[in-house]
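The residues of the chain are indexed from 1 along the displayed sequence.
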Amino acid sequence: FQALYTDARGRLSLALADFRLRYELCEDMAQMLIEPCQARHHDQGVSEDLVLARTRAGLESPDSGFSVAESRWVVTRLAELLGWAMPDGPPECL
């Protein structure tokens, strides 16, 4: 996560307190999305990669409050927590 907010010289590009808040927000979102994503996969039969792609598309919407980089981090972390492979390429919007 730190790489999202580190400049070329290795310094944070925002205040440490703000960095911590953004990290906590992103980690909490990834944790919160575990159960809904598992339910879509198991109950509705949606493939793992499609669940992750749709989640990423939703997080990348302008109204989500997450930057594109944060959205990608959240979905990558979510995939890690679920033990799912991270899909390659842009998100599919269906």
Side-chain angles (χ1 to χ4, degrees):
F1 186 82
Q2 186 172 347
L4 300 179
Y5 291 104
T6 303
D7 65 17
R9 295 178 60 178
R11 297 176 298 186
L12 285 177
S13 59
L14 72 164
L16 184 58
D18 293 334
F19 172 79
R20 288 179 177 158
L21 288 173
R22 295 310 298 175
Y23 171 77
E24 290 296 327
L25 177 68
C26 290
E27 178 66 26
D28 289 349
M29 179 58 74
Q31 295 284 339
M32 186 184 77
L33 289 169
I34 293 171
E35 288 184 34
C37 288
Q38 286 176 327
R40 283 188 186 86
H41 175 61
H42 294 293
D43 300 342
Q44 298 174 7
V46 179
S47 67
E48 294 173 0
D49 60 336
L50 189 54
V51 170
L52 293 173
R54 288 178 177 175
T55 301
R56 181 175 158 191
L59 289 171
E60 287 182 354
S61 72
D63 297 333
S64 74
F66 293 92
S67 70
V68 171
E70 288 174 338
S71 299
R72 291 177 184 161
W73 186 90
V74 168
V75 173
T76 300
R77 178 72 175 127
L78 176 61
E80 178 183 283
L81 292 168
L82 290 168
W84 296 355
M86 186 63 193
D88 295 326
E92 298 175 28
C93 298
L94 299 176

Give the table of side-chain donor-acceptor pairs shorter than 3.5 Å for residues 4-12, with sequence neighbours excluded, one pair per line with atom names and distance.
{"residue": "Y5", "atom": "OH", "partner": "E70", "partner atom": "OE2", "Å": "2.4"}
{"residue": "T6", "atom": "OG1", "partner": "Q2", "partner atom": "O", "Å": "2.6"}
{"residue": "D7", "atom": "OD1", "partner": "R9", "partner atom": "N", "Å": "2.9"}
{"residue": "D7", "atom": "OD1", "partner": "G10", "partner atom": "N", "Å": "3.1"}
{"residue": "D7", "atom": "OD1", "partner": "R11", "partner atom": "N", "Å": "2.9"}
{"residue": "D7", "atom": "OD2", "partner": "R11", "partner atom": "NE", "Å": "3.4"}
{"residue": "D7", "atom": "OD2", "partner": "R11", "partner atom": "NH2", "Å": "3.4"}

* With side chain to side chain contact (heavy atoms under 4.5 Å, CB included) as the test, would you mind laying out the steps for C37 and L52 before giving the verdict? => CA-CA 8 Å; C37 288; L52 293 173; 5.5 Å; no
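- Rounding to the nearest 0.5 Å gives a distance of 5.0 Å between CD of Q31 and CG of L81.
- The CD atom of E60 sits 9.0 Å away from atom OG of S67, with the distance rounded to the nearest 0.5 Å.
- The salt bridge (charged side-chain N to carboxylate O under 4.0 Å, His left out) check on R77 picks up E27, E80, with sequence neighbours excluded.
- No continuous path of hydrophobic side-chain contacts links L21 to L14 [ILVMFWY only; heavy atoms under 4.5 Å].
- Nearest heavy-atom pair, E48 versus A85, reported as atom, atom and distance to 0.1 Å: OE1-N, 4.4 Å.
- The line from OG of S71 to CZ of R56 is 8.5 Å long, rounded to the nearest 0.5 Å.
- You'll find the side chain of W84 reaches within 4.5 Å of the side chain of V51, heavy atoms only.
- If you chain together hydrophobic residues whose side chains sit under 4.5 Å apart, Y23 and V68 never meet in one group.
- A distance of 12.0 Å separates CD in E35 from CZ in R40, rounded to the nearest 0.5 Å.
- Side-chain contact check for L59 versus M29: some heavy-atom pair is nearer than 4.5 Å.
- When all heavy atoms of S61 and G58 are compared, the pair lying nearest together is OG-O, 2.9 Å.
- Taken to the nearest 0.5 Å, the CZ atom of R54 stands 10.5 Å off from the CG atom of D49.
- Relative orientation of the W73 and F1 rings is perpendicular, given thresholds of 30° and 60° on the angle between their planes.
- Judged as a ring pair (Phe, Tyr, Trp, His ring centres under 6.0 Å), and not counting sequence neighbours, F66 has no contacts.
- Atom OG of S13 and atom CG of D18 lie 10.5 Å apart (nearest 0.5 Å).
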message = Let's go through L33 and V74 carefully: what are the C-alpha distance in whole Å and the side-chain angles of both, what is the deciding distance for side chain to side chain contact (heavy atoms under 4.5 Å, CB included) to 0.1 Å, and is it a yes or a no?
response = CA-CA 9 Å; L33 289 169; V74 168; 4.3 Å; yes
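- The backbone N or O of S47 sits nowhere less than 3.5 Å from a side-chain atom of H41 that would complete a donor-acceptor pair.
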